[in-house]
Visitor: 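Below: one structure in structure tokens.
Please read these numbers as outputs of a predicted model, since none were measured by experiment. Chain letters run A, B, ... following the sequence lines, proteins first and then strands; every chain starts at 1.
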Protein chains: 2
Amino acid sequence: MASTKNPDSKKIKKFVELNKKHKSDLEPSKLFSHLRKGDKSALSQAITLTESSKEKDQEKAKQLIQKCLKYSGKSIRIGITGVPGVGKSTFIEAFGKYITSQNKKVAVLAIDPSSEITHGSILGDKTRMVHLSNDPKAYIRPTASSGSLGGVAKRTRENILLCEAAGFEIILVETVGVGQSETAVHSMTDFFLLLMLSAAGDELQGIKRGIMEMADAVVINKADGDNIKRANLAKAQFKNALHLFPAKESKWIPQTETVSSLENKNMDKIWKMICSFESSARKNGWLFENRKNQQVYWMHEAIKNALTESFYADQKIQGELKKLTDQIIKNEITSHEAARIITDNFKNGKKKI
Amino acid sequence: MASTKNPDSKKIKKFVELNKKHKSDLEPSKLFSHLRKGDKSALSQAITLTESSKEKDQEKAKQLIQKCLKYSGKSIRIGITGVPGVGKSTFIEAFGKYITSQNKKVAVLAIDPSSEITHGSILGDKTRMVHLSNDPKAYIRPTASSGSLGGVAKRTRENILLCEAAGFEIILVETVGVGQSETAVHSMTDFFLLLMLSAAGDELQGIKRGIMEMADAVVINKADGDNIKRANLAKAQFKNALHLFPAKESKWIPQTETVSSLENKNMDKIWKMICSFESSARKNGWLFENRKNQQVYWMHEAIKNALTESFYADQKIQGELKKLTDQIIKNEITSHEAARIITDNFKNGKKKI
């Protein structure tokens, strides 16, 4: 099937075709074939489809994702979290560049359920990752998502599948500690990296409970200049603290490392750490087992969401809930009895409420 | 209303009355008035009612709890957890005796969702707390509950209310780390005490993730004989580790302590710790605020349970879930799509499935 045409003319034709149409006008099968070739513009369009609230787009997105499924799952998925100011963007830029220098393709996604409030404090400004975003082997998708964590998480998981089908081998999913976003990211990634600063005591105030125990790596950023000594001290402290935690199912022993994103220091060590994790987690079967469990987990989450969504969306239920909550707080009724009353009314038809 | 009768004859009459009837035959209002006087036999019967699966008993239990509500909430509720072998029973015996020596009434409850498997590994054998169970100021209820954690947790919360209405000032809720039982206990208590052994590194293997961060106190048991030095070392290690955790909403800084349950050592320190916690948590309003949040939390949990219970109990749904889970694992369908299919079918009537 070798074409005799000039390959450049093919490229131009594709470029024109992709740009003359409205983003959501491309047929899923066409978008799919461009995407499979690693076309970043097609990937962006596909992601825009998954994030669209139009029913037509949602249907297309569904078809597209269905096609992508059997080409997905081949990447290593890395969750990255840390409080604002820890330098997540500069770290991802430096680490992303290191990944592409290893001839690997990297995609960067983000979960930021706060984006409506913070106007997308993470990845919102692509210019913060100017080198990485211009790298042909990298793809960065700023978070455009808003809405409930459930919705944002669903779209991010779909976007992981799309990036994988487009040939990206490393997926970085960035999040800030808002609501349950770290737990969501932890449940859709293989490796969880917690970015920290050296002034551990103070800075930890911003880290939510349970995050440290999720970490496969605690990476102390800004280990440069006057900060090196303190960073090494923090590294030692975290190392001591981490070994007090229960062993992980993956059998991976969480690592600590210092980096300087500014000076591109120790990015090789983080990369080696992740390669070593991947190799061991593949060998002992945990990587596959965990992904299987994650997928089943998300199905049950989606079922629970679907079952409770229509309940909580009901305006009459909302009024009734307010009344019952007041009664509970005043110790006039037990939590369980309140739940029984309201769900019984719901099951027996809303007219009773 | 002073009676001219011999008080002993009153006691005997009550004893006979309580024992001649079948446990669940007493009317809720009668049971309530006995219970309010601190009658442990009435308390036991009340708890038996809440744990009964008979509809008639459940209705009585509901009425009884409703009456108790306004007399509840006055105790300090303490969750106690630790791996099997750490000495929870001996600790509770020693600590409980210390509490009663302070002229306070203590009730001991347990959550053990594994009891069907382990045949009630915790509190199952009252003889393990022989001194405490014979103490007039103490009440011990071995776990008879089985079934889902949701059900066990509901009954335990009800039993806390009953114990409080019966005048118990300190409630100890014991659990082993099975499933989500610690989280459940943490969500129904004010103070969470993690019992540990000195051989921290190895023993931590049995402690589930997230438990350490829940702890308001890490207490190292068996600090006696040759073990004292190691226990002190473990205490120092945990102290270091704990201060790396994020600050608690209660503003309480988690404490570490060594005890010997065998030698009754340092029980006074644990008691002082809890008194100091109570005083600060009352002063800053957290105690009240947290209980309010816990009650609302349990209402939403009960709502979610009620909404999902009938779904998952459906045999056709179970079959369908199995099929969809297989498809998910084979990457033939996304988690979300699987959830959509099955909940749509459920909503549109079960005949479609």
Visitor: Under 4.5 Å heavy-atom distance to chain A, tell me which part of B/I65 shows up: side chain, backbone, both or neither.
Guide: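 The side chain, not the backbone.
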Visitor: If you count heavy-atom pairs under 4.5 Å with chain B, which of A/H300, A/K304, A/K70 comes out on top?
Guide: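 The answer is A/H300.
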Visitor: Quick check: closest heavy atoms across B/L161 and A/T334, and the distance to 0.1 Å?
Guide: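 Scanning both residues, the minimum pair turns out to be CD1-CG2, 4.0 Å.
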Visitor: Locate the shortest heavy-atom distance separating B/S335 from A/Q295; write the atom from each residue and the value.
Guide: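 Looking at all heavy atoms of both residues, the closest pair is OG-O, 2.9 Å.
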Visitor: At what distance, to the nearest 0.5 angstrom, does CD1 of B/I303 lie from CZ of A/R340?
Guide: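 So the gap between those two atoms works out to 12.5 Å.
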Visitor: Of the non-hydrogen atoms in B/L307 and A/T308, which two are nearest, and what is the gap between them?
Guide: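 Closest heavy-atom pair between B/L307 and A/T308: CD1-CG2, 3.8 Å.
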Visitor: Just verifying a value: how many Å separate B/I329 CD1 and A/R291 CZ, rounded to the nearest 0.5 Å?
Guide: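 Taking CD1 in B/I329 and CZ in A/R291, the distance rounds to 14.0 Å.
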Visitor: What part of B/E301 gets within 4.5 angstrom of chain A, counting heavy atoms only: side chain, backbone, both, or neither?
Guide: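 Looking at B/E301, nothing touches chain A.
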Visitor: Going from OG1 on A/T325 to NZ on B/K292, what distance comes out if it is rounded to the nearest 0.5 angstrom?
Guide: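 Going from OG1 on A/T325 over to NZ on B/K292, the span is 11.0 Å.
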Visitor: With a 4.5 angstrom heavy-atom cut-off, is it the side chain or the backbone of A/N240 that approaches chain B, or both, or neither?
Guide: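 Neither the backbone nor the side chain of A/N240 comes within 4.5 Å of chain B.
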Visitor: Look up atom NZ in B/K62 and atom CD1 in A/I333, then write down how far apart they are to the nearest 0.5 Å.
Guide: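 Taking NZ in B/K62 and CD1 in A/I333, the distance rounds to 9.0 Å.
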Visitor: Measure the CZ-NE2 distance between B/R157 and A/H336 for me, rounded to the nearest 0.5 Å.
Guide: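 So the gap between those two atoms works out to 8.0 Å.
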Visitor: Within a 6.0 Å radius of atom CD1 on B/I253, are there more than 12 heavy atoms belonging to other residues, nucleotides or ligands?
Guide: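 Result for CD1/B/I253: open.
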Visitor: Check A/A339 against B/M299 and note the closest heavy-atom contact, atom names and distance.
Guide: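 Nearest heavy atoms, A/A339 then B/M299: CB-O, 3.6 Å.
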Visitor: Can you tell me how far CG of B/L69 sits from NZ of A/K330, rounded to the nearest 0.5 angstrom?
Guide: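 Going from the NZ atom of A/K330 to the CG atom of B/L69 covers 14.0 Å.
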Visitor: Would the distance check show the side chain of A/E332 and the main-chain N or O of B/Q66 forming a donor-acceptor pair, the cut-off being under 3.5 Å?
Guide: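 Such a contact is absent between A/E332 side chain and B/Q66 backbone.
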Visitor: Measure B/Y297 against the heavy atoms of chain A and call it side chain, backbone, both or neither at under 4.5 Å.
Guide: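 No part of B/Y297 comes within 4.5 Å of chain A.
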Visitor: For A/I328 and B/W298: C-alpha separation, side-chain torsions, deciding distance, then whether side chain to side chain contact (heavy atoms under 4.5 Å, CB included) applies.
Guide: CA-CA 10 Å; A/I328 286 176; B/W298 284 106; over 6 Å; no
